[in-house]
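Following: one structure in structure tokens, then a few remarks.
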Amino acid sequence: MEETSAAHLLVIGAGPGGYAAAFLAADLGLQVTLIDQEKNPGGVCLFRGCIPSKALLHAAKIITHAKDAKELGIEFGSPKIDLDKVRGWKNSVVLKLTSGLGQLCTMRKIRFIQGKAEFLDPRAVKIEKAEGGSERISFDHAVLATGSKPVSLPFAPLSKRIMDSTSALDIENIPQKLLVIGGGYIGLELATVYNALGSKTSVVELTPNLLPGIDSDLVDILKKRLFRSFENILLNTKVVKVGEKAQGVSVTFEGPDKKSSTQDFEKVLVAVGRKPYCKDLGLEHTGVKITQEGFVQVNEKRQSADPGIYAIGDIAGQPMLAHKASHEGMAAVRAIVSGKDGFYPKAIPAVVFTDPEIAWCGLTEKEAKEQGRDIKVLKFPWAASGRAVTLNRIDGLTKVVADSKSGRVLGVAMVGDGCAELISEGVLAVEMGSVADDLALSIHPHPTLSETVMEAAEIFSGQSTHFYKPKG
Ligand code: FAD
């Protein structure tokens, strides 16, 4: 080992958790070293997750909006897709944002090392540098933020025809026929992209519904549109065999009736979940403990069983989302600096960027009912929203889940085109302990989709202006 150095704070993994932690620590005066295998910070989110997928979903939205314009009397021809340019544009978005993060590191005087870190003991790591050579770094505190990896299916090894989310984002071609295994948010978002680009897209999901765990009234509205635009959606169906052939992939399904059937596809995307990435980190040389689910065990400060080592983001538990990682990262740094702070969110929002989108925060209706809570569910259908009508997108619903006595807003959930941008009002309401009347009496601009939140909340104390519900 050639070099040795020391850091107040060592952050391993520069995804949205790791870089947010490193930036705050540097702003608070700590001497910070940030390690990642990539050339710049960004992690899965920027290189092969949130950002490239949303860039492609934007392209997909332009195609579907142009198609839908026919209903308004405006007809465009079929889109001519230059895949190299689409890919190039998506890559330029990733490069712009990740190189910007690299510059923010330099400006904050954070030492960024491209390399792979492994613990030697509870206070030191060895870095195998990408440029060659290695370095031993000792630290006062470490933040572990190594994220997660896609779960694979043992009988469907990755290849040119069998993709995971990372290779699917490269859109090497537009397959004639695509099967997406997994009806979770990653599978459905990528299915939306390929379907808009022209692939005949099918989705297969093991459980009885798409997006398991999300309120079914929201999913039903999405499903209605997906059933129209996708080739097929198979629910309650298990993929039991995947075999690659010269011209495609042959997939055997076992349906709800236990009968099996086989179909051929040009390509298959496996999107069956993600697992925390704790491998090859030398954690056995530390006191860090791993839970049964494979996450690093942490307390409310995001401190592991080894008091000098903190863990945040996908490696530290559900929900595996970028904004949760960033907030945990900042909470961990504040705990390291002050010894006090912790991570106590009341509402972590989640968004599925399909068409229409689904977004929710706080307690869902399903969770509230499972907990036996005495709640009022206030629903405002987008068919009653002037803005939704002007946009020709009435396929939406906004729900407020409120305590039936106090009116306290426990959760907000919605489905509809563009609702990802609306959910933050719900987060604020839950975090601030607002009651439904706070939302109802706050004047929302007209005509906007945000009015659907206000009008749903109005139902708590009577009627909403634009949606009449008979009493009793
Ligand atoms: P990650 O972003 O996973 O970063 C971990 C980093 O650690 C990686 O860069 C890796 O190279 C590095 N690393 C690992 N081991 C080592 C080591 N030994 N030494 C050095 N470096 C190491 N979330 C959302 O909130 N919104 C979305 O819209 C969204 N869309 C997604 C779409 C897709 C297709 C995917 C796959 C994920 C999406 N996610 C989304 C999830 C989101 O990407 C993750 O929740 C988020 O990236 C987790 O951040 P993190 O900081 O925990 O780690």
Side-chain angles (χ1 to χ4, degrees), residues 10-22 33-58 90 94 98 101 112-119 125-130 134 137 142-151 163-170 180 182 184-193 269-283 295-296 302 311-330 332 348-354 357-359 420 423:
L10 180 81
V11 182
I12 305 172
Y19 78 71
T33 301
L34 177 61
I35 322 283
D36 200 286
Q37 286 157 306
E38 299 285 348
K39 197 172 154 218
N40 271 313
V44 168
C45 176
L46 279 93
F47 284 101
R48 41 192 181 279
C50 330
I51 294 297
S53 61
K54 267 75 240 179
L56 293 175
L57 278 159
H58 176 62
K90 180 252 315 173
V94 171
T98 53
L101 288 173
F112 181 79
I113 306 175
Q114 186 182 7
K116 186 174 178 304
E118 200 178 324
F119 284 91
V125 293
K126 176 185 171 184
I127 314 292
E128 291 293 347
K129 295 183 182 177
S134 62
I137 304 182
V143 171
L144 196 53
T146 50
S148 60
K149 287 255 178 309
V151 171
M163 308 179 284
D164 64 3
S165 62
T166 305
S167 50
L169 286 167
D170 288 337
V180 177
Y185 86 93
I186 293 178
L188 290 186
E189 288 184 6
L190 289 169
T192 302
V193 169
L269 162 60
V270 179
V272 292
R274 295 183 65 82
K275 58 177 179 210
Y277 189 53
C278 305
K279 251 178 73 184
D280 310 326
L281 290 169
L283 292 178
F295 294 107
V296 172
R302 292 311 181 244
I312 57 164
D314 285 8
I315 199 176
Q318 299 284 2
M320 291 199 208
L321 292 170
H323 41 277
K324 175 256 192 185
S326 305
H327 279 265
E328 272 183 318
M330 293 188 283
I348 301 173
V351 175
V352 185
F353 289 85
T354 39
E357 294 165 348
I358 295 183
I423 195 63

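Both counts, for ligands and for their atoms, begin at 1 and track the order of listing. The model shown is predicted, which means the values in this text are computed figures rather than measured ones.
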Check ligand 1 against [X] and write out every atom of the ligand that is under 4.0 Å from a heavy-atom position of the residue.
X: Lys116; result: 18 (N), 19 (N)
X: Met320; result: 41 (C), 45 (O)
X: Ser165; result: 36 (C)
X: Ser53; result: 32 (C)
X: Phe353; result: 28 (O)
X: Ser148; result: 3 (O)
X: Gly313; result: 52 (O)
X: Cys45; result: 2 (O), 43 (O), 47 (O)

*Which salt bridge (charged side-chain N to carboxylate O under 4.0 Å, His left out) pairs, counting each pair once, include a residue from residues 270-279, with sequence neighbours left out?*
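Matches after skipping sequence neighbours: none remain.
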*asked:* Under a 4.0 Å threshold between the charged nitrogen and the carboxylate oxygen, would Arg302 count as salt-bridged to Glu328?
replied: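 Yes.
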_Contacts of type side-chain contact (heavy atoms from CB on, under 4.5 Å), residue Ala311, not counting sequence neighbours_ =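 With neighbours one apart ignored, the set is Leu144, Val296, Val298, Ile315, Ala316.
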*For Lys54 and ligand 1, does the shortest N/O to N/O distance drop below 3.5 Å?*
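So ligand 1 has an N or O lying under 3.5 Å from an N or O of Lys54.
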*Hey, is ligand 1 close enough to Leu321 that some N/O pair sits below 3.5 Å?*
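It does: an N or O of Leu321 is found under 3.5 Å from an N or O of ligand 1.
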Heavy atom of the protein closest to [atom] (residue, atom name, distance):
atom: atom 12 (C) of ligand 1; answer: Asp36 OD2, 3.3 Å
atom: atom 2 (O) of ligand 1; answer: Val44 N, 2.9 Å
atom: atom 52 (O) of ligand 1; answer: Asp314 N, 2.9 Å
atom: atom 36 (C) of ligand 1; answer: Arg274 NH1, 3.3 Å
atom: atom 17 (C) of ligand 1; answer: Ala117 N, 3.7 Å
atom: atom 33 (C) of ligand 1; answer: Gly49 CA, 3.4 Å

*Of all the heavy atoms in Ile315, does at least one lie under 4.0 Å from an atom in ligand 1?*
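For ligand 1, residue contact (heavy atoms, under 4.0 Å) with Ile315 is absent.
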Over all atoms of both residues, closest heavy-atom pair of [X] and [Y]:
X: Ala14; Y: Asp36; answer: N-OD2, 2.6 Å
X: Phe47; Y: Pro41; answer: CE1-O, 3.8 Å
X: Leu269; Y: Ala168; answer: CD1-CB, 3.8 Å
X: Ala117; Y: Leu281; answer: O-CD2, 4.0 Å
X: Ser165; Y: Ile186; answer: CB-CG2, 3.8 Å

*In this structure, are over 12 heavy atoms from other groups packed under 6.0 Å from His323 atom NE2?*
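It does: His323 NE2 has more than 12 such atoms within range.
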Pick, from [options], the option with the minimum heavy-atom distance to [atom].
atom: atom 42 (C) of ligand 1; options: Gly13, Cys50, Ala271, Gly17; result: Cys50
atom: atom 49 (O) of ligand 1; options: Pro16, Ala14, Gly147, Gly15; result: Pro16
atom: atom 38 (C) of ligand 1; options: Tyr185, Tyr19, Phe47; result: Tyr185
atom: atom 24 (C) of ligand 1; options: Ala316, Ala322, Gly115; result: Ala322
atom: atom 14 (C) of ligand 1; options: Gln37, Lys149, His323; result: Gln37
atom: atom 15 (N) of ligand 1; options: Val352, Thr146, Leu57; result: Thr146

*Approximate separation, where rounding is to 0.5 Å, of Leu169 CG and Glu189 CD*: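 Reported value, rounded in 0.5 Å steps: 10.0 Å.
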*Answer side chain, backbone, both or neither: which part of Asp280 comes under 4.0 Å from ligand 1, heavy atoms only.*
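Neither; no heavy atom under 4.0 Å.
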*With a 4.0 Å heavy-atom cut-off (strictly under), which part of Leu190 contacts ligand 1: side chain, backbone, both or neither?*
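It is neither part, as no heavy atom is under 4.0 Å.
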*Checking Gln114 side chain against Gln37 main chain: does a donor-acceptor pair fall under 3.5 Å?*
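Present.
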*asked:* Would you say Asn40 and Thr98 are linked by a side-chain donor-acceptor pair, where the criterion is simply a distance under 3.5 Å?
replied: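 Absent: no donor and acceptor within the cut-off.
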_Donor-acceptor side-chain pairing of Asp164 and Ser167 below 3.5 angstrom_ =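 Checked: Asp164/Ser167 side chains pair up, N/O donor to acceptor below 3.5 Å.
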*Intermediate values then yes/no, side-chain contact (heavy atoms from CB on, under 4.5 Å), Lys39 and Phe112*: CA-CA 9 Å; Lys39 197 172 154 218; Phe112 181 79; 5.9 Å; no
*Passing option when Ile35 is tested against Val125, Val11, Leu10, Thr146 for side chain to side chain contact (heavy atoms under 4.5 Å, CB included)*: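 One option only clears the test, and that one is Leu10.
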